[in-house]
Amino acid sequence: MPWAFDDEAVDVTRQFSRLKLRLMPYLYAAARAAASTGVPMMRPMALEFPDDPTTLHLDRQYMLGPDVLVAPVFSASGDVTFYLPPGEWTHLLSGERVTGGVWRRETHGFDSLPLYVRPGAVLPWGAREDRPDYDYLDGLTLRVFPGGSGVAEVTVTAPDGRTETFRVDRAEVTE
């Protein structure tokens, strides 16, 4: 057989597919915003952080929507160097919190990569991991990340067009 899949490759694919499916309410909102405003889903760092001169020349990392920083790993060793703008960022997969305004060097295996959530972000987190076109409002969790203050509004639209806006007072959220 010319193609052979090992168990690790299947497990890693399953892990990231499940992550994507849980992120569908967030990704769908970013896609809708891109269609209506022209602001892309994959955004250059300078677009989200125009006052931070360090972001002007970053070409190996990006923001996925307004709140998730992605730094792809391009080396076989798993080493990656990237910049986190100021604030307290949270790694989406591990929950580790790090202070930004610095360059970071990390080593990642096939099952991880730098995925950091912007300080104060409120991510709509879907309840299903088996299909992308589920009812995003059914079983929805709003994941509130440290570093924000005040009230955040998050609008979630289900694939059938139903929309609900949630107001989250980030000061009332316990960590």
Requested in this report: Ignoring hydrogens and angles, tell me if any N or O in the side chain of Arg43 forms a donor-acceptor pair with the backbone of Glu48 under 3.5 Å.
Outcome: no
**Report entry** Worked check of side chain to side chain contact (heavy atoms under 4.5 Å, CB included) between Thr163 and Val156
**Finding:** CA-CA 6 Å; Thr163 298; Val156 176; over 6 Å; no
Report summary line: Closest heavy-atom pair, Gly126 versus Leu140, reported as atoms and distance to 0.1 Å, is N-CD1, 4.5 Å
Requested in this report: Mark yes or no for whether His108, through its side chain, and Pro72, through its backbone, hold a donor-acceptor pair below 3.5 Å.
Outcome: no
**Report entry** Flag if over 12 foreign heavy atoms under 6.0 Å of CZ, Phe166
**Finding:** yes
Query raised in the report: Are Gln15 and Asp111 close enough that some pair of their side-chain heavy atoms sits under 4.5 Å apart?
Result: yes
Query raised in the report: Is a donor on one side and an acceptor on the other found under 3.5 Å between the side chain of Thr107 and the backbone of Asp79?
Result: no
Query raised in the report: Of the non-hydrogen atoms in Leu113 and Phe16, which two are nearest, and what is the gap between them?
Result: CD2-CE2, 3.5 Å
Query raised in the report: Are the side chains of Arg104 and Val102 in touch, meaning some heavy atoms are under 4.5 Å apart?
Result: yes
Query raised in the report: Is there a donor-acceptor contact under 3.5 Å from the side chain of Ser94 to the main chain of Glu96?
Result: yes
Report task. Side-chain contact test, heavy atoms from C-beta onward, threshold under 4.5 Å: evaluate it for Val70 versus Gln61 and give yes or no. Result -> no
Query raised in the report: If we ignore angles and hydrogens, is there a donor and acceptor under 3.5 Å between the side chains of Tyr26 and Asp67?
Result: no
Query raised in the report: Ignoring hydrogens and geometry, is there a side-chain-to-backbone donor-acceptor pair from Arg170 to Gly120 under 3.5 Å?
Result: yes
Query raised in the report: What is the minimum heavy-atom distance between Val117 and Ala121, and which atoms define it?
Result: CG1-CB, 3.6 Å
**Report entry** Arg162 and Asp135: CA distance, side-chain angles, deciding distance, salt bridge (Lys or Arg N to Asp or Glu O under 4.0 Å) verdict
**Finding:** CA-CA 9 Å; Arg162 290 178 301 111; Asp135 179 357; 2.6 Å; yes
Query raised in the report: Less than 4.5 Å apart, any side-chain heavy atom of Leu137 and any of Glu164?
Result: yes
Requested in this report: Taking the side chain as every heavy atom from C-beta outward, state whether Leu19 and Leu92 have any pair of such atoms under 4.5 Å apart.
Outcome: yes
Requested in this report: Say whether, by atom type as modelled, one donor and one acceptor occur between the side chain of Glu88 and the main chain of Arg97 under 3.5 angstrom.
Outcome: no
Query raised in the report: Is there side-chain contact between Val98 and Tyr116, with heavy atoms separated by less than 4.5 Å?
Result: yes
**Report entry** Trace of the side chain to side chain contact (heavy atoms under 4.5 Å, CB included) decision for Val80 with Phe74
**Finding:** CA-CA 7 Å; Val80 60; Phe74 293 113; over 6 Å; no
Query raised in the report: Is any side-chain heavy atom of Thr90 less than 4.5 Å from a side-chain heavy atom of Pro146?
Result: yes
Query raised in the report: Below 6.0 angstrom between ring centroids: does that apply to Tyr134 and Tyr136?
Result: yes
Report task. Name the orientation class of the two ring planes belonging to Phe49 and Trp89 (parallel below 30°, tilted from 30 to 60°, perpendicular beyond 60°). Result -> tilted
Report summary line: Note: Arg118 and Pro66 closest approach over all heavy atoms is NH1-O, 2.7 Å
Requested in this report: Please list, chain by chain and in numerical order, all residues satisfying salt bridge (Lys or Arg N to Asp or Glu O under 4.0 Å) with Glu129, sequence neighbours excluded.
Outcome: Arg18, Arg22
Query raised in the report: With a 3.5 Å cut-off and no angle check, do the side chains of Arg105 and Thr81 form a donor-acceptor pair?
Result: yes
Requested in this report: Evaluate the side-chain proximity of Met45 to Leu69: yes if any heavy-atom separation is below 4.5 Å, no if none is.
Outcome: yes
Query raised in the report: What closest approach, in Å, do Gly65 and Ala30 show between heavy atoms, and which atom pair accounts for it?
Result: CA-CB, 4.2 Å
Query raised in the report: Which pair of non-hydrogen atoms, one from Thr55 and one from Pro85, has the smallest distance, and what is that distance?
Result: CG2-CG, 4.5 Å
